[in-house]
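Here is the structure we will look at.
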Amino acid sequence: MNVDPSSLTLASASRRLSRRELSAGELVEACLRRIEETEPRLHAFLAVSDGEARRQAAAADERLARGEPLSPLDGVPIALKDVFLTRGVRTTAASRILENFVPPYDATAVARLRSRGAVLIGKTNCDEFAMGSSTENSAFGPSFNPWDPSRVPGGSSGGSAVAVAAGQCLAALGTDTGGSIRLPASYCGVVGLKPTYGRVSRYGIVAYASSLDQVGPFTRDVRDAAILLEALAGHDPRDATSAPIETPNYESLLESGLGPLRIGVPREYFEEGMQPEVDSSVREAIAVLESLGASVETVSLPHATYAIATYYLIATAEASSNLARYDGIRYGRRAAGAESLLDAYRRSRDQGFGAEVKRRILLGTYALSAGYYEAYYGKAQKARTLVRKDFEDAFARCDLLVAPTAPTTAFRIGEKLADPLSMYLSDVLTISVNLAGLPALSLPCGIDGSGLPIGVQLIGKPFGEAALLGAAYAYEQATEWHRARPPSLAEAAT
Ligand code: GLN
C-alpha cells in the first residue's frame, strides 16, 4: 500500500493500525522511503535506525494482529533529537566530542516510548549540545527548512521539527532550554510543546543547562501533542527535579472547550521591529480565541527586556559546569599525541568542541569566576526571580498568555552566523518561559508572503498543560493552518 506519511497524524495512524487498514511495517517503509527521497535536501537525521525500526514494526504488527496494542503509540514511527541517550545507538549531541559515543542505557523518555511500542526511527540533527537557534551549529552540517531549503529550520531541535514537517516520521522528541522546541516548531509549521519544568524526566538527556532543560514533543496537531505528553510525563526517581504529581489524561480533556478563559496579551511581546505579518497573524489568532468565548486583556511583563541577558548568563554558567565532564577520557573522542593528562584534556576539548560551544564555556566560566560571580551570575539569578514574578502577576489576572513564538519567520542559512548576538535575539520571546519554568506551546497560525509558516505561542501556568492544550485544540478546530504542508512535499509524495 502506498501511504503518504505526511497525511497522517499519530492518532489517525494509530486508528488505522488498530483496524488493520495499515500495518506498522507499511508505515515504517513509507517513512523510510520519504527519508530516502528528502534527506539529500533536508538533512534532518544524524542516524536512521532502519534495521532496528523494521524489527520494532514487525513486533508491533504481531501485537496488533492479536488485537493487543500496547498504547496509541504502538507501531508509530517517532524520531529522537540526538541528545536522548539510546541504548546501543550512537548519541552525539551533534558534537565531535561524542562522535563515537554509544550509550549503555536509554533515557527515561526513550524507555517510555519503547515500552509503549513506538518505532524509534532515528536520531535527529540539532545544534551542538543544543546550543543555538538554527541547527547551523551542528558539527555535522545544518538541517534545511522543508518550506524553503535556503532557510534555517530553527534550533536547536531543528532536525526533529524538519522530520515531522516533512513526513519522515509522525512525531519527534526535542528539548527546550530556551525555546529549542517552540522556535523550530514555529519555523517549520508544526506543533511544539515545552512542558512545565519537572513534568517530564530528563534522565538520560545530554545536559545543557539543568535548571532550564525540558523534554517535549513535535507533532502535526494538538491532539498528538496531548497523546505524547501523556506518554512522557510522570515522576521519575532517577531525576530529582521531576515532579511527583499525577499525569492528567490530556487527550480526553481536549474536548472540554474553552470555558470562561481569560487570555493575557503581553504588551512587551509585540515590539516594534517585529515582522508585520507575524504581528497580524498572531493578532488574528487572538481574535479567533476571542470569538470562541475567551476574554482578552493586555498585560505587562516589565522585566522581559532582561530575559536575553539573564538567560545567556545562567545557561552558559550551567553549561560550563555540565560540559566539564567531556575530558576525552570517559566519553567520546580522545585526542592523539598528548604529552600529559592536562594536555590530553586540552587537546580533546579543543578538537572536540565547536566554536559556539567554546564561546558558551568561556562566557559561563567567566560569569562564575571569583570576583565576577556576584556581578554576573548572582545578578542574573535576581533578574530571573523578577522575570518569574512578572508571570505570577500576569497569571493572577488571566489563565493563559498568547504571543508570537518568534519575531520573524525562518531566516536564511548563514544570515546570523557571523553575529552571535543577533542569533541570540531570535530567542527573545521564548526564553522567559524557561527562566520561569512554565509550560508553553507553539502552533501554526499563518503563512507569510515568502510562503513561510508563522507560529503563535500559548503560555500556561505551572503544570497547566491541560488548559494550554485545550485552548490550542479549540483554536486548531476553528482554523486550517495545521493542515498546510511544505510545497516541496507535493513532489516527494508523487
Ligand atoms: N537558542 C538558545 C540557546 O542557544 C536555546 C537553546 C535550547 O533551547 N536548547 O541557548
Side-chain angles (χ1 to χ4, degrees), residues 46 80-87 89-99 101-112 123-133 137-139 155-157 160 173-181 194-216 232 236-243 311-333 348-349 352-354 356-365 367-368 377 380-381 384 427 431 434-435 437:
L46 293 178
L80 304 166
K81 182 181 187 179
D82 205 21
V83 298
F84 287 82
L85 300 198
T86 39
R87 186 187 173 135
V89 177
R90 209 166 66 114
T91 300
T92 66
S95 181
R96 294 264 171 226
I97 210 158
L98 287 177
E99 204 164 8
F101 175 57
V102 178
Y105 65 95
D106 277 332
T108 295
V110 175
R112 280 177 165 267
K123 308 295 291 287
T124 57
N125 196 14
C126 56
D127 286 295
E128 184 176 2
F129 285 102
M131 296 174 186
S133 311
N137 294 336
S138 167
S156 64
S157 318
S160 289
L173 298 192
T175 54
D176 190 313
T177 303
S180 280
I181 291 175
K194 177 236 174 260
T196 310
Y197 186 79
R199 180 62 96 181
V200 179
S201 165
R202 292 102 39 87
Y203 177 74
I205 311 293
V206 175
Y208 165 13
S210 305
S211 77
L212 301 160
D213 298 343
Q214 181 58 197
V215 170
L232 294 169
D236 176 8
R238 289 172 161 148
D239 175 358
T241 66
S242 86
Y311 169 86
Y312 277 95
L313 280 165
I314 292 176
T316 56
E318 294 182 12
S320 74
S321 155
N322 271 328
L323 271 58
R325 73 189 71 175
Y326 303 103
D327 54 10
I329 306 293
R330 287 169 297 175
Y331 306 95
R333 185 192 185 99
S348 299
R349 287 168 70 83
F353 289 138
E356 182 62 27
V357 174
K358 286 177 183 162
R359 179 182 295 121
R360 306 278 179 115
I361 294 173
L362 286 170
L363 275 170
T365 307
L368 288 176
Y377 185 70
Q381 291 293 10
R384 181 177 190 169
D427 306 333
I431 53 188
N434 302 78
L435 291 169

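Bear in mind the structure is a predicted one, so any value in this text is a computation, not a measurement.
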Seminar exercise, completed: Taken in chain and number order and not counting sequence neighbours, the residues that satisfy side chain to side chain contact (heavy atoms under 4.5 Å, CB included) with Asp213 are Thr177, Arg202, Ala207, Tyr208, Ala209
For this session: With sequence neighbours left out, write down each residue that passes side chain to side chain contact (heavy atoms under 4.5 Å, CB included) with Arg112, or none if nothing qualifies.
Result: Thr108, Arg116
Examine the side chains of [X] and [Y] and answer whether a donor and an acceptor come within less than 3.5 Å of each other.
{"X": "Thr86", "Y": "Thr91", "value": "yes"}
{"X": "Lys81", "Y": "Ser160", "value": "no"}
{"X": "Asp82", "Y": "Thr92", "value": "yes"}

Using only atom types and a distance under 3.5 Å, with no angle test, would you say the side chain of [X] pairs donor to acceptor with the backbone of [Y]?
{"X": "Asn125", "Y": "Ala94", "value": "no"}
{"X": "Arg384", "Y": "Leu435", "value": "yes"}
{"X": "Arg90", "Y": "Glu99", "value": "yes"}
{"X": "Ser180", "Y": "Ser156", "value": "yes"}
{"X": "Asp127", "Y": "Ala130", "value": "no"}
{"X": "Thr196", "Y": "Gly198", "value": "no"}
{"X": "Ser201", "Y": "Asp239", "value": "no"}

Calculate, to the nearest 0.5 Å, the distance between atoms [atom1] and [atom2] belonging to [X] and [Y] respectively.
{"X": "Arg359", "Y": "Tyr312", "atom1": "CZ", "atom2": "OH", "value": "11.0 Å"}
{"X": "Ile97", "Y": "Arg333", "atom1": "CD1", "atom2": "CZ", "value": "8.5 Å"}
{"X": "Ile361", "Y": "Glu356", "atom1": "CD1", "atom2": "CD", "value": "10.5 Å"}
{"X": "Leu212", "Y": "Asn434", "atom1": "CG", "atom2": "CG", "value": "6.0 Å"}
{"X": "Ser320", "Y": "Leu368", "atom1": "OG", "atom2": "CG", "value": "4.5 Å"}
{"X": "Leu80", "Y": "Ile205", "atom1": "CG", "atom2": "CD1", "value": "9.0 Å"}

Exercise. Can you tell if the side chain of Phe129 reaches within under 4.5 Å of the side chain of Asn322, non-hydrogen atoms only?
Worked result: no
On a heavy-atom basis, which atom in [X] and which in [Y] lie closest, and how many Å separate them?
{"X": "Tyr197", "Y": "Lys194", "result": "N-NZ, 3.8 Å"}
{"X": "Ala111", "Y": "Asp106", "result": "N-CB, 4.2 Å"}
{"X": "Arg96", "Y": "Glu128", "result": "N-OE2, 4.4 Å"}
{"X": "Ala109", "Y": "Leu173", "result": "CB-CD1, 4.1 Å"}
{"X": "Ser157", "Y": "Cys126", "result": "CA-CB, 4.5 Å"}
{"X": "Arg87", "Y": "Pro104", "result": "CG-O, 3.7 Å"}

Seminar exercise, completed: Quick note, salt bridge (Lys or Arg N to Asp or Glu O under 4.0 Å) partners involving residues 312-327, not counting sequence neighbours, are Asp327-Arg330
For this session: Starting from the C-alpha separation in whole Å, work towards a yes-or-no answer on side-chain contact (heavy atoms from CB on, under 4.5 Å) for Gln214 and Val200.
Result: CA-CA 7 Å; Gln214 181 58 197; Val200 179; 3.2 Å; yes
Problem set entry | Candidate list Thr124, Val110, Val206, test side-chain contact (heavy atoms from CB on, under 4.5 Å), partner Phe84, passing option | Val110
Problem set entry | Ring centroid separation Phe101 to Tyr326 under 6.0 Å | no
For this session: Quick one: do Ile314 and Ser211 satisfy side-chain contact (heavy atoms from CB on, under 4.5 Å)? Show the steps, please.
Result: CA-CA 9 Å; Ile314 292 176; Ser211 77; 4.1 Å; yes
